[in-house]
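What follows is one structure encoded as structure tokens, with my remarks underneath.
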Protein chains: 2
Amino acid sequence: MRRATINDVAERAGVSSATVSRVLNHNYPVAQATRDRVELAIRELGYVINAHARALAGTSNRTVGIIVQDLVDPFFSLIARGVEREASESGRLCMVSSTRGDPERELAFVDLLHEQRADMVILVGGAHSDRSHSKELAKRARDLHAGGSRLVLCGRPSIGQDVPTVSVEYDNEGGAFAITDHLLTQGHERILYLGGPPNLSTTRDRLAGHRRALDMRGAGHVPELVHTGAFSPAFGHHRLSEILRSTLEFSAVFAANDMVAIGALQALEEAGVRVPDDISLVGYDDVPAALPLRPRLTTVHVPLEEMGRQSVRLASPGEGDGWRPAGEGAVKLGTHIVVRDSVRARGPRGSGR
Amino acid sequence: MRRATINDVAERAGVSSATVSRVLNHNYPVAQATRDRVELAIRELGYVINAHARALAGTSNRTVGIIVQDLVDPFFSLIARGVEREASESGRLCMVSSTRGDPERELAFVDLLHEQRADMVILVGGAHSDRSHSKELAKRARDLHAGGSRLVLCGRPSIGQDVPTVSVEYDNEGGAFAITDHLLTQGHERILYLGGPPNLSTTRDRLAGHRRALDMRGAGHVPELVHTGAFSPAFGHHRLSEILRSTLEFSAVFAANDMVAIGALQALEEAGVRVPDDISLVGYDDVPAALPLRPRLTTVHVPLEEMGRQSVRLASPGEGDGWRPAGEGAVKLGTHIVVRDSVRARGPRGSGR
DNA sequence: TTGAAAGCGCTAACAC
DNA sequence: GTGTTAGCGCTTTCAA
């Protein structure tokens, strides 16, 4: 139960612990013969470095922390994959935690990761606008910063002008604008907006883009056509089924994300509505999980994995050439629509539904 | 850049560092007034515990390590979710790493996680049978064990009789047997087995169950009907498309997992083959990603998330009532088929295809 | 090229 | 209830 320590190795090899440290780190010259003896001792003893002792004594532990809502949701797992890959490429280990949408847990995990002295803590995905929560986060961002670490906001709104954070965004509003415009261009004027937690920044941004497109084309805002709720297939299915039983008219559905689109398509199918012949459908995110949909889903591509990678890259102190002051970086990645088969042009004054 | 330490807090609160430690850990009585002063000092200084120092000084750091092939593949992300949830419920942090199927990386990550003194290292998913790799793993299992940690094999074959590991399996062979039997019962005799890396234990187990069912019903093994390869939609799509252009006859497809089934369904569709009218299709795993498929996919349910949870639970030393010697646990979870709409009974001597 | 020794920040006896 | 102190296992000057 007691592990070998560097001293055990030193003793066995007949050298000092400093020498063992040197062969372990390859940072100072060590005579080949000595090196061999030490390596032999290491093997014989089954010695394994203690990362804690090492972190305590000197250099950082090279870890990144990431906080998501749910590891299974492709939106998050794609970003997580990007983070993990970039991290491991820069020799870092990745600590993940999931909040299930609980802001309390979010704060608790930021603290936990700070305790672990993660090089950075990456907060992923939209946030509810909550004044006091933002304050708490801002405080932690400062604490992290003070310790040479960073809070990264990935796909998440800023928490204040003067708060030291790194931010990786994507053009959420723009994507929603573009796809709404696509629908409008195809003759759809009454578009049902379906899904997304109403107070989530992600939802607000997508709705904003949607409305801007509506405005631009002179189509009115029809409040009854906006049905926010959740980001799940279950919501899409359930709510749209309900709506289909009502008298609400629309010729297209803008699902707040692909997961909602999955449920929506199912509802449409069950109601005997043909897509895209009777109703057009679009999604958002372009996740692989929606690839099996038929008709193939027209959607907005979001560079999820790249966002994950950029998060760790941007928050890595002085990596590469230009020595950045390690912090306060910000990028906004582009989005674009992917036209597939779920939208059909409407004839002028077609009956829609 | 210099963080406050426990001594800074002690000084500011006018107490000793031991007292600060006590209020931090709530493990010894501290006068309320003292406690208040300490907590104030902590807040004023923005003090954050150093988990490394803590781990070094005494108690374990309460972390678990998990190694998967790909965070985005639902098979792995569901297990990862189970691990993460169980871990966080027992107050542990979860460190993930992904190998992309590279055995070298796998070993490297086991080492890395050992260095981090993870309470356990969970290896997820099938393995290629590789003698020397198993030897390496076995060595690491022993090293981990010697240090009071555990190597957990989750959905992965044993690496030796006398190697100290914890094992969480599922009835892989049984599920394949059951679903093949289902197909057979429905009159399908020529079943195409599609996908899965040929030397992966997962594939071998599934094929074994498949063959046992074939044997039991007196249906012969037809080598041409077995097309292993990969676990991806792309493989399912590509290979099945090819096959459909050939003269090979079969009335059902057993996709090695749901991802392959997704691709297979697409290929069938593109070839104008109706499912299940012309050809029946089944999958394996029952992951949410396959839920949108139409017809709904008949498949084998695997308790992925539960496997993740059990992994953590089983490897946790002396948790709960019965004090286990913390190691050498093994469970095998059941699987069962989920009948949905992708299989149709064949009339006696129907033409199949 | 190697060794001695002083921490890194915390916990856990052991005193008081 | 609280303080003192001795490590935990490593890295890193500083000497030799």
Side-chain angles (χ1 to χ4, degrees), chain A residues 1-39 41-42 45-63 112 114-118 143 146-149, chain B residues 1-39 41-42 45-62 112 114-117 143 146-149:
Chain A
M1 188 74 169
R2 185 182 164 284
R3 291 164 155 107
T5 73
I6 200 174
N7 287 306
D8 300 333
V9 175
E11 191 176 342
R12 176 153 196 134
V15 299
S16 75
S17 65
T19 299
V20 178
S21 173
R22 289 179 189 119
V23 346
L24 251 19
N25 293 297
H26 308 97
N27 50 358
Y28 283 95
V30 173
Q32 189 59 47
T34 316
R35 175 183 302 280
D36 291 344
R37 283 211 317 285
V38 170
E39 281 171 347
I42 288 177
L45 261 36
Y47 169 73
V48 177
I49 291 191
N50 184 328
H52 298 305
R54 176 186 286 208
L56 188 54
T59 68
S60 116
N61 194 29
R62 298 192 75 75
T63 53
L112 197 53
H114 189 166
E115 290 179 11
Q116 301 289 331
R117 297 299 185 263
D143 289 350
S149 179
Chain B
M1 188 74 171
R2 184 181 165 283
R3 291 166 156 106
T5 73
I6 200 173
N7 286 306
D8 300 332
V9 175
E11 190 177 341
R12 176 155 197 132
V15 299
S16 74
S17 66
T19 299
V20 177
S21 174
R22 289 179 188 119
V23 345
L24 251 20
N25 294 297
H26 307 98
N27 50 358
Y28 285 94
V30 173
Q32 188 59 45
T34 316
R35 175 182 302 281
D36 292 344
R37 283 211 318 283
V38 170
E39 281 170 347
I42 288 177
L45 262 36
Y47 169 73
V48 177
I49 291 192
N50 184 327
H52 299 304
R54 175 185 282 200
L56 190 55
T59 68
S60 114
N61 194 27
R62 297 192 76 73
L112 197 53
H114 189 166
E115 289 178 11
Q116 301 290 330
R117 297 300 187 260
D143 289 350
S149 179

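Lettering of chains follows the sequences in order, A, B, ..., and the numbering in each one begins at 1. Just so you know, these numbers use all the heavy atoms, side chains as well, and skip hydrogens, waters and symmetry mates.
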Listed nucleotide nearest any side-chain atom of [X], set [options]:
{"X": "B:Ser16", "options": "D:dG1, D:dG3, C:dA4", "answer": "D:dG3"}
{"X": "A:Leu56", "options": "D:dG1, D:dG9, D:dT4", "answer": "D:dG9"}
{"X": "B:Ala53", "options": "C:dG9, D:dT11, C:dC14", "answer": "C:dG9"}
{"X": "B:Ala31", "options": "C:dG9, C:dG3, D:dG1", "answer": "D:dG1"}
{"X": "B:Ala18", "options": "C:dT1, D:dC10, D:dT4", "answer": "D:dT4"}
{"X": "B:Val30", "options": "D:dT2, D:dT11, D:dG3", "answer": "D:dT2"}
{"X": "A:Asn27", "options": "D:dT12, C:dA12, C:dG7", "answer": "D:dT12"}
{"X": "B:Thr34", "options": "D:dC10, D:dT2, C:dT2", "answer": "D:dT2"}

_Exactly one of A:Glu115, A:Arg117, A:His52, A:Arg54 should register a side-chain hydrogen bond (donor to acceptor under 3.5 Å, both in side chains) with B:His52. Which one does?_
A:His52
*Taking the side chain as every heavy atom from C-beta outward, state whether A:Thr34 and A:Val23 have any pair of such atoms under 4.5 Å apart.*
no
_Using OP1 and OP2 only, check whether a side-chain N or O of A:Asn7 sits under 4.0 Å from D:dC10._
no
*Can a side chain N or O of A:Asn50 be found less than 4.0 Å away from OP1 or OP2 on D:dC8?*
no
Atom [atom1] of [X] and atom [atom2] of [N]: how far apart are they, to the nearest Å?
{"X": "B:Leu24", "N": "C:dT11", "atom1": "CG", "atom2": "P", "value": "6 Å"}
{"X": "A:Glu115", "N": "C:dT11", "atom1": "CD", "atom2": "P", "value": "10 Å"}
{"X": "A:Arg37", "N": "C:dT1", "atom1": "CZ", "atom2": "P", "value": "14 Å"}
{"X": "A:Arg54", "N": "C:dG9", "atom1": "CZ", "atom2": "P", "value": "18 Å"}
{"X": "B:Asn61", "N": "C:dT11", "atom1": "CG", "atom2": "C1'", "value": "14 Å"}
{"X": "A:Ile49", "N": "D:dT11", "atom1": "CD1", "atom2": "P", "value": "6 Å"}
{"X": "A:Asn25", "N": "D:dT12", "atom1": "CG", "atom2": "P", "value": "7 Å"}
{"X": "B:Arg117", "N": "D:dC8", "atom1": "CZ", "atom2": "P", "value": "14 Å"}

_Over all strands shown, is B:Val15 touching base, sugar-phosphate only, or nothing at heavy-atom distances under 4.0 angstrom?_
sugar-phosphate
*Counting any heavy atom closer than 4.0 Å, what does A:Thr19 reach on the DNA or RNA strands: base, sugar-phosphate only, or nothing?*
sugar-phosphate
*asked:* Quick check: on DNA chain D, is the nucleotide nearest B:Ser17 upstream (toward 5') of the one nearest B:Gly58, or the reverse? Name the residue that is more 5'.
replied: B:Ser17
_Can you work out whether B:Arg35 or B:Ala57 has the more 5'-proximal nearest nucleotide on DNA chain D?_
B:Arg35
*asked:* Tell me if the side-chain of A:Arg22 makes a donor-acceptor pair with the base of C:dG3, cut-off 3.5 Å, by modelled atom types.
replied: yes
*asked:* Nearest heavy atom decides the nucleotide; on that basis, is B:Thr5 or A:Tyr28 closer to the 5' end of DNA chain C?
replied: A:Tyr28
*Specify the residue among A:Gln32 and B:Ala4 whose closest nucleotide of DNA chain C lies further upstream toward the 5′ end.*
A:Gln32
*Hey, what do you get for CZ (B:Arg12) to CG (B:Asn7), rounding to the nearest 0.5 Å?*
15.0 Å
_Approximate separation, where rounding is to 0.5 Å, of B:Asn25 CG and B:Ile49 CD1_ = 6.0 Å
_For a quick check under 3.5 Å, do A:Gln32 and A:Asp36 share a side-chain donor-acceptor pair by atom type?_
yes
_When you compare the side chains of A:Gln116 and A:Asn61, does any donor N or O come within less than 3.5 Å of an acceptor on the partner?_
no
